[in-house]
Structure formats: structure tokens, C-alpha cells
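Notes follow once the structure below has been shown.
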Amino acid sequence: MPELPEVETIARDLRAALIGQSVVDVFIVNETIVEPERDYDVAQLIGKRIKHIDRRGKNLLLYFEYGLAIICHLKMTGRLIVDNTEKNHDKHLHFWIQFEKNRLLFYDTRKFGRICFISEKRIGRHARLARLGPEPFDITNTRFAQVVKARHKAIKLTLMDQEVIAGIGNIYADESLFAAGIRPTRKSSTVSRQQLLRLHWHVRQTLQKALDNRGSSVNDYLDGNGRKGNFQNLIEVYGRTGAACRRCGTTIKRIILGGRSTHYCPHCQR
DNA sequence: GACAACCTGACC
DNA sequence: GGTCAGGTTGTC
């Protein structure tokens, strides 16, 4: 479910609520969401303070004292919510940490999400993190144009390729390409350097706007406080199949690309 | 590249 | 009953 703006919003919410608190207890309700390779026993978290919380691509990183860390990927329906009122017997609650003042709960309807108990010094070598490309807000526009142009597949698939750029998923790939006026099916390598420089600007613009609106709650997404985002109300093409393009009135088209629904305006995007 | 797999729920 | 869903990974 969550892409960069959603994961970043959650990271900020968790940061505000949890930093500095000690772990009182940890509960794994469902082992299937825990990656089998662990650097330490979860009981070791008890008594340790949470030092900082980061995001890398769509991964959330929790750092505790004594070099203990947790990597969390929410995949499609995962949620990380700070809540003290929630009962523990929800069907989709798989993991939670009791802190001094708050409780952090991990829910996931489809159980695609994963939690990894890893030592801080090995985080960079975790298989999923090690392969991630640069963050869209860190990469320079010239470098962006370079790495995108080097790929020989549909530009939407390049944008969603986490090894090229980290954090862009189905919603923001569609929205960024609409903003830049580029058809999702165009081969990356055939898009001009000028167009790619513009695209990078629109990618950052789109992600920033989504961030300012606390992410998109199209289906399941809730922020770290259990509230919906607002960006779903500002979406131009994603999920608007058959509706009129707000820019030109043409009917928004839906095709399948890389197995994912892809939405675009046949008139505005060439 | 396309496709199935991992899962559950919503909707037609 | 079938289709679809903010993701990733492995197999043709």
C-alpha cells in the first residue's frame, strides 16, 4: 500500500510519539510476518530506548540502544499505528511493542508485510536495502536523467524499479508521468534528456505534494496515528479510468503494465 | 517483458 | 463466481 509519502508520514508520526521511550514488552502474535533470519532475540529489546526512526525507500527503520534495529516493510496493507486504546485481539494484529507511554502496533490484512530484527551495523547489508537506488530527493536531476535513460523498458516500470530510484510505487508513477506529460509506455531510453530533467522535477513535486497532504488513502492506508491521508482527493489519473481528464476533458485510459493498472490521459501524455 | 505466488477483503 | 487492490520476488 504505502509508497514514499505514506511511509515518510508514518515515520514522522512514530518519531513524534516514540523517540526516547524504553521498550517495556514485545509481542509477536504471528510469526509469518517476521523474517526468519534474526540478529538477536526480540526479548533483548526490552529496556532499550528507541533512538531514532528513518525511512529508506518504502522501508521504515527503527533504531534502538545497543545497536538493535528493526526494518519494517508494509507492502500492500501493512499499518504501523501508535495507539493505547486498541484491544489486542484484532484478527490482523501481528506484532506490537509496548513502550513506557505508548503502544506501537503492526497490522496487516494480507500478511505481505515483513519485520526484520537486525543489528544496526548490518542494516546497510540487508538484501532489500542494499539494492535500493537513490532517494528521489537526493539524486541530482542530471544523474536522474542518466540512470533513467540507461534502462530499456517502459518508463513507468523504470520509475517503479526500486534499484533505479527508491520509493516510487503505482500511484506516484502514474501521477508523476501525468504531471510531466509523458506516456507510461514510452521506453525510458527514447525519452529526451530535457523531458527527463522535467520528469525529475515533477516526481519531486508530486511526492512533496503528497507528503504535504499526509499521503493517499485510496484503500487501506492510515498514518501513524490511525488517520487517513488527503492526497486521494488530489489525484489526477490513478484510479480515474473512464473519467474526464481535468486538464483537457479526454477520457482517462487504463492499461496493464508490468502486471499493474496504469492510468493516463491519451491527449496530455505523449 | 509477462506471470504466478504470497494473502484477505471489497465489490460487481 | 470473477476482478481488483499504494509491493516484491522468482520463474519462464
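Every chain is numbered from 1 and lettered A, B, ... according to where its sequence line falls, protein lines coming before strand lines.
Here the rule is side chain to side chain contact (heavy atoms under 4.5 Å, CB included) with A:T158, and of A:R151, A:R186, A:H152 only A:R151 fits it.
Contact annotation for A:G259: no contact, since no heavy-atom pair falls under 4.0 Å across all strands. Looking at heavy-atom distances under 4.0 Å, A:N219 makes contact with a base. Residue A:S261 is in sugar-phosphate contact alone, with no base atom involved, counting any heavy-atom pair closer than 4.0 Å across all strands shown. Using a 4.0 Å heavy-atom criterion, one finds that A:G258 contacts the sugar-phosphate atoms exclusively. Here A:Y172 lies out of heavy-atom contact (under 4.0 Å) with every strand.
A:K75 has no side-chain polar atom (N or O) that falls below the 4.0 Å cut-off from OP1 or OP2 of C:dT8.
Classification of A:E6 and A:R55 as a salt-bridged pair fails, no side-chain N sitting under 4.0 Å from a carboxylate O. Contact check on A:R214 versus A:D13 returns a salt bridge, with a Lys/Arg side-chain nitrogen under 4.0 Å from an Asp/Glu carboxylate oxygen.
Protein atom CD1 of A:I256 is 11 Å distant from nucleotide atom C1' of C:dT3, rounded to whole Å. Taking atom CZ on A:R260 and atom P on C:dT3, their separation rounds to 18 Å, with Å as the unit. In this entry the distance linking CD1 of A:I115 with P of C:dT8 reads 16 Å, nearest Å. Here B:dG1 presents its C1' atom at 15 Å from CE of A:M160, a figure rounded to the nearest Å. Distance A:I168 CD1 to C:dT8 C1': 16 Å, rounded to the nearest Å. Rounded to an integer number of Å, the gap from A:L159 CG to C:dT8 P is 14 Å.
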Which letter, B, S or -, goes with each nucleotide of nucleotides 7-12 of chain B from 5' to 3', with contact meaning a protein heavy atom under 4.0 Å? BBS---
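For the C1' atoms, the distance linking C:dG1 with B:dC6 amounts to 22 Å, nearest Å. Of the P atoms belonging to B:dC3 and C:dT3, the separation is 13 Å, rounded to the nearest Å.
Side-chain contacts under 4.5 Å among hydrophobic residues (ILVMFWY), followed directly or transitively, place A:V24 with no other residue at all. Grouping Ile, Leu, Val, Met, Phe, Trp and Tyr residues whose side-chain heavy atoms lie under 4.5 Å apart, directly or via other members, places A:I252 in a hydrophobic cluster with A:F178, A:V237.
If you check B:dG1, C:dG7, C:dT8 against the side chain of A:Q162, the one that comes closest is C:dT8. You'll find that the side chain of A:L157 is closest to B:dG1, out of B:dG1, C:dC4, C:dT9.
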Dot-bracket for DNA chain C, 5' to 3', with Watson-Crick and G-U pairs under 3.5 Å, [ ] for crossing pairs and | for other-strand pairs: what is it? |||||.||||||
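Legend: residues meeting ring-ring contact (aromatic ring centres under 6.0 Å, His included) with A:F137, ordered by chain and number and at least two apart, are absent.
Here side-chain hydrogen bond (donor to acceptor under 3.5 Å, both in side chains) pairs that include residues 250-259 of chain A, with residues two or more places apart or in two chains, are A:R254-A:S261.
Aromatic ring centres of A:H263 and A:Y238 lie closer together than 6.0 Å.
Counted within 6.0 Å of NE2 on A:H267, heavy atoms from surrounding residues, nucleotides or ligands total 12 or fewer; the atom is thus considered open.
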